[in-house]
Amino acid sequence: MLAVVIFHAFPSLLPGGFVGVDIFFVISGYLIGGIILGSLNAGNFSFRNFYARRARRIFPALIVVLASAFAFGWFALLPDEYLNLSRHVRDSAIFIENFRLLKEVSYWDAAAQTKPLLHLWSLAIEEQFYLAFPLLMFLMFKAARRYWLTLISGLAIVSFFAGLHPSMRDFYSPLTRGWELLAGAILWSLARQTPDNPGRVLRQLSATAGLILLVAGLASLHNGVPYPGWRALLPVGGAVLLIAAGTRAWVNRYVLRHKIAVAIGLISYPLYLWHWVLLAYAYIINDGLPAETWKLRGGLAALAFVLATLTYFLIEKPIRFGKRWQTGKVYFLLAAMAAIYAAGWWVRLRDGVPERLPAEINNAAAANQLKFSRELTTAVFDGYQYSCLTVNPQSPSTLFVGDSNLQMYIPRLRFLAEKEPINNLIIFATASAIPLPGMEYEKIYPWLNGADNYAGKALDFARQNAAVEKVVIVANWTARFSSEDGAAGSREPTKIRFKYGGENSSMMLDLLRAYIADFRQAGKKVYLVLSIPTGNELAKRYALERNLTDFPAMIHGQNSGGKSGVNREILAQRNGELEAELERIGKEAGATLIKPWDYLCSPDWCDASDANGLPIYGDAYHLTGQFVRDHVAYLDETVMPEK
């Protein structure tokens, strides 16, 4: 786990350090596989004893770290952040954190650095393996003892090939990681069937080859390559060869069994638990953790070693190895973990417990809780579920197509429907999906299921429905054109990259021009809505200050020294060129332009708060529902019947 700690604390120093998890899986599979298979061969395997030992091994340090992370979050996190942490605490307590992360951002996303329990995905996979593997081995021994090695080898092969072409989902999946644990178990079994130690030359060759593979993995892998897939053969193969070489191999004897390596090995589990919690909270408190903060990162790594040492000797060792009250310890550990799980649910039911913070902080934090309207009815067109609001069956319709920025505007549309004679509303909206035809999306987010080519389906809908009078295309274009992989989609099979000014950028803009022209050719009036001003300076949460030295009252009001927001010139430097290009394309294609910058900003400044000091922005990319409802009038003309 030392490689993982170095990678997290100093990613540029060891960019492939994340493969330490793969090495850990092999070692864990070897040790636990040996315990299970050895007991089965001896005829004395007990599920009760096995899981009691696992509880005494895993629970003590985990309970301490979960409780500490949760308690610190009480003082350091805003309500929505604490609410999110409660979900991760619950899922970590029952070892399904990897499934929680499958629904969220990837391991490499910047937002991942704000999740103190992100690293527990690997512990979850390990424990899921421990739940299934003993039962599987027991059944195999009873039904097909002669073939169990063949059977588990087959399972390992299936698992490996399942992740041969990895996506983001495969990083956290037990299906695509199981072969790494099974490799360790298979190695133990093969070593038992051939008890003679390998010869001296073979030992050294095996250890040397294993070391070369490990170094190659650590040196060549980084967050820009798909993983795990076949590349995981480097750390997994290296670990297998090193273990197979035995304790008398030079590398194992003089390096891996050195007293320093052994000492680190003793505290490796609590070190793994503590280090990321400290780094993630440092990132949150400092609104980022730049690479140049090496002193802070080094200090946090050192603190992780101290906490790991204390946890091992004061908590883990007495509970794990103490001979007294062994059964009582297990029941106590189960009760303590259940209490943490219940505490997570309590925070969930209390919506992040906002009353623990001053009112002015909660007013700012409330802006982050995006509450899009869910009151529209739904219908299905060509397999895609869209939203609609029928004001009058005889009225014409306005068709909206876009991403979460379109969903952001729904409160205003509902408000207008209650007070004005407006068009019927048809809404094709999918968050994180660019409103251009022909896109295909990896389903790394649940809401992208069914989103493939939703923009093309919106065009077909408009062509087939004469009642559609107007079409409004809405997107957070600055976000869609700022990601190398276009947020969530289009990496396979199209491999289109959205980054403005980069590969395929002009092609994407040409698609937008053609999309508008297609609607125009169908006889529709088209509106192209450009991006709202975006940036962390506009999100209220980033105008708050967190100071560890003021514990427990860590969160303070705005640190901007007064007026909150951002200079418009700064926004123009970031996104002005793209805005101008979108405006040019919209005009050429015959669309009516709506430019939110002109409504939400003065010539010099873009505010983050309204005249009453209430937040305008929910996060860096979305306006609050209340502000949209009351003030965003620039969309009104799109739903008014033509005169």
Side-chain angles (χ1 to χ4, degrees), residues 1-30 98 101-102 105-109 112 118-119 121-126 128-129 152-187 206-245 251 272 276 442-444 484-485 488 490-493 495 497:
M1 281 300 165
L2 185 59
V4 177
V5 174
I6 296 173
F7 167 69
H8 284 156
F10 306 100
S12 61
L13 187 63
L14 195 64
F18 59 88
V19 304
V21 171
D22 306 81
I23 300 169
F24 163 75
F25 281 158
V26 175
I27 296 172
S28 181
Y30 181 82
N98 57 319
L101 295 168
L102 281 173
V105 297
S106 77
Y107 186 75
W108 315 113
D109 197 289
L118 171 80
H119 60 315
W121 70 270
S122 56
L123 181 62
I125 287 181
E126 183 193 35
Q128 290 157 19
F129 176 79
I152 63 171
S153 298
L155 289 175
I157 292 171
V158 170
S159 172
F160 173 75
F161 278 97
L164 199 55
H165 302 287
S167 67
M168 291 181 186
R169 297 183 64 86
D170 293 326
F171 196 91
Y172 296 121
S173 173
L175 176 62
T176 56
R177 293 287 191 167
W179 69 277
E180 301 178 8
L181 289 143
L182 288 171
I186 293 169
L187 175 62
S206 178
T208 302
L211 185 62
I212 291 172
L213 287 177
L214 289 183
V215 172
L218 292 169
S220 65
L221 297 175
H222 53 84
N223 62 10
V225 299
Y227 200 81
W230 65 267
R231 293 174 179 83
L233 287 170
L234 292 173
V236 172
V240 166
L241 288 172
L242 278 170
I243 296 172
V251 172
Y272 153 77
W276 181 255
E442 280 192 288
K443 308 308 183 293
I444 58 171
E484 284 292 343
D485 292 315
S490 299
R491 293 186 302 154
E492 295 291 347
K495 295 186 178 179
R497 295 180 180 270

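Keep in mind it's a predicted model, so treat the numbers as computed, not measured.
- Smallest separation of non-hydrogen atoms from Ala244 and Leu187: CB-CD1, 3.9 Å.
- Side-chain N or O atoms of Asn98 include none that pairs as donor or acceptor with a backbone N or O of Ser173 at under 3.5 Å.
- Among all heavy-atom pairs drawn from Ile186 and Ala156, the shortest one is CD1-CB, 4.0 Å.
- With a 4.5 Å cut-off on side-chain heavy atoms, Val19 and Leu218 count as touching.
- Contact detail for Phe25 and Ile125: the closest heavy-atom pair is CZ-CG2, 4.0 Å.
- Side chains of Val5 and Tyr272 form no contact here, defined as non-hydrogen atoms less than 4.5 Å apart.
- Not counting sequence neighbours, the partners of Ala232 by the side chain to side chain contact (heavy atoms under 4.5 Å, CB included) test are Asp22, Trp179, Glu180, Tyr227, Pro228.
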Contacts table for residues 206-214: side-chain donor-acceptor under 3.5 angstrom, sequence neighbours left out:
| from | atom 1 | to | atom 2 | distance (Å) |
| --- | --- | --- | --- | --- |
| Ser206 | OG | Leu241 | O | 2.7 |
| Thr208 | OG1 | Gln204 | O | 2.7 |

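- Atoms OH and CG, on Tyr172 and Leu101 in that order, are 4.5 Å from each other to the nearest 0.5 Å.
- For the side-chain hydrogen bond (donor to acceptor under 3.5 Å, both in side chains) test, no residue two or more places apart in sequence or in another chain qualifies with Ser159.
- Phe171 and Phe18 have tilted rings, their planes meeting at an angle from 30° to 60° on a 0 to 90° scale.
- Note: Trp276 and His119 have tilted aromatic rings, judged against thresholds of 30 and 60 degrees for the angle between ring planes.
- The two residues Ser220 and Leu234 make their nearest non-hydrogen contact at OG-CD1, 4.0 Å.
- Nearest approach of Ile6 to Leu13, heavy atoms of both residues: CG2-CD2, 4.1 Å.
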I would like to know whether Leu181 and Arg177 meet side-chain contact (heavy atoms from CB on, under 4.5 Å); could you show each step before the answer? CA-CA 7 Å; Leu181 289 143; Arg177 293 287 191 167; 5.7 Å; no

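- The side-chain heavy atoms of Phe129 and Ser28, taken from C-beta on, include no pair separated by under 4.5 Å.
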